[in-house]
Every structure is written in structure tokens, then in C-alpha cells.
Amino acid sequence: MTHAVELPVENTDARPSALRALPQRCKLCGVEQDAAPVAICEHCLGPLEPLYSPDRRLPSRATIESRATSLWRYREWLPFDWSGVADDALPDVLSPDTGFTPLVHAPRLAERLGVARAWIKNDAVSHPTLSFKDRVVSTAINAARSFGLDTVGCASTGNLANAVAAHAARAAMQAWIFIPEDLEEGKVIGTLVYGPNLVRVRGHYDDVNRLCAQLADRFGWGIVNVNLRGYYGEGSKTMAFEIAEQLGWRLPDAVLAPMAGGSLLTKLRRGFSEFAEAGLVEGELPRMYGAQAEGCAPIVRLFESGGAALVPETPHTIARSIAIGNPADGAFAVKAMRDSRGSAQKVSDEALVEGIRVLAQTTGIFTETAGGVTVAAALALAANGHFRRGDEIVLCITGNGLKTTDAVRDALPAAPLVNAKVREVAALVAERDGGGPGLGARR
Ligand SMILES: *Cc1c(COP(=O)(O)O)cnc(C)c1O
Ligand SMILES: [Zn+2]
């Protein structure tokens, strides 16, 4: 028997762009540049950033609240021209469903940290690839389409590979993805399944990144964190916008985040200050705390040195997703931490594994190594007196633990194996309770 089913036609071929990317301006010398897949100033080699019109109309809290729960509800702060688009309409954007992850109250963790209240901003459940990289790819892929590019790519430490592959698949775009040779299997499988061109490169992330800068020019690809980097970075701000809205349009006292290239931490601060400038929130901007693993902590070491020149490192840590030895936004991240009166913290691999367990066992959230770094850094900062009793703090948990199970496997007890006999379980219960058969054993 056959059914004639009328399916709604989804137009996924190269559509005329509904969005127009904004022009950019050099963060160092201020020179302006037309919208283009270019990330470096041709005059001074400084980084380019999208240039927003100061007279664009900004939405009220109520307008934002009336919109769909995705990062596009903050579209006036995302790098496209929205003039002529109705307040409550979302035009034809790619990746319309990313963002608005849960802000999870964490009283048991607050107690451990000796602060009044703590929350987890839980991008471990980001749609669709379970890390905050979905945010940056959402903005970058729309920039790629606005430039008429049909191929996107990235140099990745793992999560970005997952995100580019998934978002490109949905958009029917080609993807060329480059990763260091030693990535975790979870990250490799979680990329390959989407059918991209995945290439493993001998060397560290910084070698991969250098290669990608050359490839972008050679093949005319939109490498999201290379020649689309100005548009990519803007996606990170939405994590700050969501935190402020989900706290009831308030700012926390302190925010912690892991640092790889240093973009997320820099853009979180930018996001909080843009909301303050727009009058959507009041009061002091949060103190920003950045975390890295000791085996790759060039940004933390720059912060600690008090100097201005970052010294690149060769990574040696299991926190591969944040193992960038020569971080592009390192100096900006240091500035964000200094200007906000925050700090930087590095932690050992052992401490990060313990951090993963502490988070899981106090909040029910299973994070990857980068999240373990963040939690371990929070514990170290608390021990060193960086937090006050009355502080309200937010930990940005940026990735999912199911992608890096190897990191914790050896730190967890083996599960006992029993025959299907009550007696055998009763013995385990007795052992667990440290006495004879438990009182509640018989009913
Ligand atoms: C990429 C990444 C970060 C930090 O990225 P930045 O390059 O500093 O913006 C943090 N956590 C996870 C899990 C990541 O994949
Ligand atoms: Zn310049």
C-alpha cells in the first residue's frame, strides 16, 4: 500500500541570503572595512569586529521576552542588519534553535564555595552539539551565507568540529574540518557522523590554525574561527545576555569561564556591558574569572606576570578542548579580567578530574574536561579568598562529559557485578552502610 504524503517543502539549497552581515572595524586602529570574510586589519593586522550602528533600535525587556527562546532573541546585538524586520518575526536564519540553555541553581556547590548563591550556565546541553560552540557557529554560518560561501570550515580542538559539522549539515553546506591528531574519540565520532570532510593534522592546535589561515585564502572557504572570526565571536555574547535575563534582568557578582583562545571570556564581559549600556540591567559589571589547565595556561600566566606580552606554550593536558598554546584573544581576556577586578586561575589535570566529579555530585551535571577546569578553578579561587560570603556567582559550563569519558574513567569506582539475587544486593547494602544487614531490608 502506498501513501501519497504531502511533505512541507523545506528549501535547503543555496538560498538568497535573508541576512546581511554588518561591516567591521579594526579593534586596534579603528579603520573600517566593508562586510567580508576577513578577520585581520589590512593596515595594522589587528582583529576586526562587527560595527553596530549606534542609532539602531534596541528592544525592551518585554520585547525580548516575547521572542522565541533561542539566542536570536538578542538579535540586535548580533552582527547582521535587522532593519525592516518586524519585532516578533525571525527571518530566514540558519541555525535558528541554538541558545537559551538552562541556568541551574546550585545551592550545594554554593555551600562548597562559601558564597550566597551559585548557578551553572549549562551549555553542556546546548543544541545541537552539546557545547557552547553552537553559539559561535550559529552566527558565523549566517555570515558565511551572507557572503555567498557554500563551504565552511574550522580549526578545532574538538567541540568546534562537532558544531561546524552539524550546523553545515543542516544548512546543506560543505564542511572542511581540521583537528589535531590526538583528539578524543567522542569528539571525532561526534564530527564524522554529520558527513563533513574531516582531516587530522600532525601537530598541535596552533599548527592546525596556521594551516587553516592559508587554506581560507587558497580555497575561498569560510573558516569560522579564522576569516569569519569577527562574526563568530559575537555568538559568545549571548551566554551573558541569557545569564542576565534568566537571573531576572540582574547581573551576578562574579562569572567564571574556561579559556582556550580567550574569546568567550572577552565576549562575556562585552555582553554584560552591552546590556548595561542598553539599560536592560543595572549595577556593577560582574568580576570575570578565567580558568585554564596548568599544562596549557598562557593566558593565566600572562595575567599573573602583570605584563603585556603573551608567551606561547606547547600544550600538555587532558583538557584538550581548551588546549590552545598561542591564544588569539589572550591579551583581551587578560584585560577583561583586570578591568573587572576578577582573576585568573590554573589547575592541574588531577584537580580538573575532581572538578568534574564535584559538579556531577553536587548538581547532577556531567561536564567535560573544560568544565572540570572551571569547577576546580572555582574551588581554588574560593580557597584563596577571591569570593565574598554574599556573592552570587555563575559558572559557565561549556561542554558535555559524555564526549570525554576517558578523562574520568580511572577516577571512578568499578560497579560490582552480582547474580540476580536479593541476598547479594543485601550484602552490598550492608557493606555500604558499614554494618550488618540494613534495618529496612525486610518489609
Ligand atoms: C572552545 C571552548 C572554550 C573556550 O573557547 P575560547 O576560544 O576561549 O572562546 C571553552 N570550553 C569549551 C568546552 C570549548 O570547546
Ligand atoms: Zn588596524
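Counting starts at 1 for both ligands and their atoms, following the listed order.
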Task: Beyond-backbone contact of Ser156 with Val164, side-chain heavy atoms, under 4.5 angstrom - done: no
Task: Under 3.5 Å: donor-acceptor pair, side chain of Thr101, backbone of Val125 - done: no
Task: Distance, nearest 0.5 Å, that separates CZ of Arg170 from OG of Ser95 - done: 6.5 Å
Task: Asn384 atom CG, neighbour heavy-atom count above 12 within 6.0 Å - done: yes
Task: Passing candidate, ring-ring contact (aromatic ring centres under 6.0 Å, His included) with Phe241, options Phe272, Trp249, Tyr74, Phe100 - done: Tyr74
TODO: Less than 2.8 Å from the Zn ion (ligand 2) is the window; count the protein N, O or S atoms in it.
DONE: 4
TODO: Can you label the angle between the Trp72 ring and the Phe80 ring as parallel, tilted or perpendicular, going by 30° and 60°?
DONE: tilted
Task: Nearest heavy-atom neighbours spanning Ala276 and Leu285 - done: CB-CD2, 4.0 Å
Please tabulate, line by line, the atom pairs linking an N/O of ligand 1 to a protein N/O at a distance below 3.5 Å, with the distance in Å to 0.1, or answer 'none'.
| from | atom 1 | to | atom 2 | distance (Å) |
| --- | --- | --- | --- | --- |
| ligand 1 | 7 (O) | Gly261 | N | 2.7 |
| ligand 1 | 8 (O) | Ala260 | N | 2.9 |
| ligand 1 | 8 (O) | Gly261 | N | 3.2 |
| ligand 1 | 8 (O) | Gly262 | N | 2.8 |
| ligand 1 | 8 (O) | Ser263 | N | 3.4 |
| ligand 1 | 9 (O) | Ser263 | N | 3.4 |
| ligand 1 | 9 (O) | Leu264 | N | 2.8 |
| ligand 1 | 11 (N) | Thr398 | OG1 | 2.7 |
| ligand 1 | 15 (O) | Lys133 | NZ | 2.8 |
| ligand 1 | 15 (O) | Asn159 | ND2 | 2.9 |

Open item on the list: Taking the six-membered ring for Trp, are Phe219 and Trp176 closer than 6.0 Å centroid to centroid?
Closed with: no
Task: Tyr289-Phe303 aromatic ring centre distance below 6.0 Å - done: no
